[in-house]
Amino acid sequence: FFDITSGTKRNVIRLKDISDESVFGPNNYEFKLIDEDGNDVNSNFIEFCEFKDLTGGFYTLVIRDEAQFDEKSIVIPILYFPTFITPNGDGYNDTWEVKGIDLSDYNLQLTKLYIFDRYGKLIQELSPNMQGWDGTYKGNPMPANDYWFKALLQDGRVIYDHFSLV
């Protein structure tokens, strides 16, 4: 009952059809989205369920009827592939890691991730239990440049895109 655009630079959560009473019932509903750090994406409940430009991670969508008698929460994963990595040891963006991947739920399990240099040479192959890419090849720092990735998901999707090592 939700359209979720995920794994892009413009992630969206949108309710397909609020008039479908088989999903929620005959009442009017309000929505609030909370990120994985507990921060409200929208400060108050809103009547229209559409949240745009979301970064990756796990979001909690809170749905309540306008009379505030009933409230439900569901967790929605949003895939996010970072657009850059800065492996300079400052603790920020030191590794390139996919967000919004859960190893047990949502059918968004990452099965393999391949990172290539701009010439197509395989630099790193990551499996789901690995931390991410630290910007090195065989222990040596890679130069600042664009790198490409191929992500294989359990549901059969293949995502190709690129990011920068700065």
Between [Y] and [X], is there a side-chain heavy-atom distance shorter than 4.5 Å?
X    : Y    : answer
M142 : W133 : yes
R64  : D70  : no
E71  : V62  : yes
E47  : Y29  : no
L165 : P87  : yes
Q124 : Y137 : no
D117 : Y147 : yes

Main-chain N/O of [Y] paired with [X] side-chain donor or acceptor, under 3.5 Å:
X    : Y    : value
E36  : F58  : yes
T111 : L152 : yes
N42  : N44  : yes
T86  : Y92  : yes
N11  : L79  : yes

Side-chain heavy atoms under 4.5 angstrom apart, residues restricted to Ile, Leu, Val, Met, Phe, Trp, Tyr: same cluster for [X] and [Y]?
X    : Y    : result
Y160 : Y114 : yes
V41  : I13  : yes
I46  : L54  : yes
F149 : L153 : yes
V158 : L122 : yes

Geometric cation-pi criterion, R14 with F51: 6.0 Å, 45°: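 No, a cation-pi geometry is absent between R14 and F51.
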For the student: nearest non-hydrogen atoms of D94 and G89, plus distance: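 So the minimum-distance heavy-atom pair works out to OD1-N, 3.1 Å.
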Smallest separation among heavy atoms of S127 and K112, with atom names: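 Smallest heavy-atom distance, with atoms named: CB-NZ, 4.3 Å.
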Would you give the length of the straight line joining atom [atom1] of [X] to atom [atom2] of [Y], rounded to the nearest 0.5 angstrom?
X    : Y    : atom1 : atom2 : answer
I63  : C49  : CD1   : SG    : 6.5 Å
K99  : I78  : NZ    : CD1   : 13.0 Å
I74  : Y59  : CD1   : OH    : 14.5 Å
D65  : N28  : CG    : CG    : 9.0 Å
I76  : T60  : CD1   : OG1   : 8.5 Å
I115 : L113 : CD1   : CG    : 5.0 Å

Worked check of salt bridge (Lys or Arg N to Asp or Glu O under 4.0 Å) between E30 and K32: CA-CA 7 Å; E30 302 174 316; K32 183 179 219 175; over 6 Å; no
No-hydrogen, no-angle side-chain donor-acceptor test under 3.5 Å, D146 and S164: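 A pair is found: one side chain offers a donor N or O, the other an acceptor, under 3.5 Å apart.
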Residue among F84, W96, W148 satisfying ring-ring contact (aromatic ring centres under 6.0 Å, His included) with F163: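 Option passing the ring-ring contact (aromatic ring centres under 6.0 Å, His included) with F163: W96.
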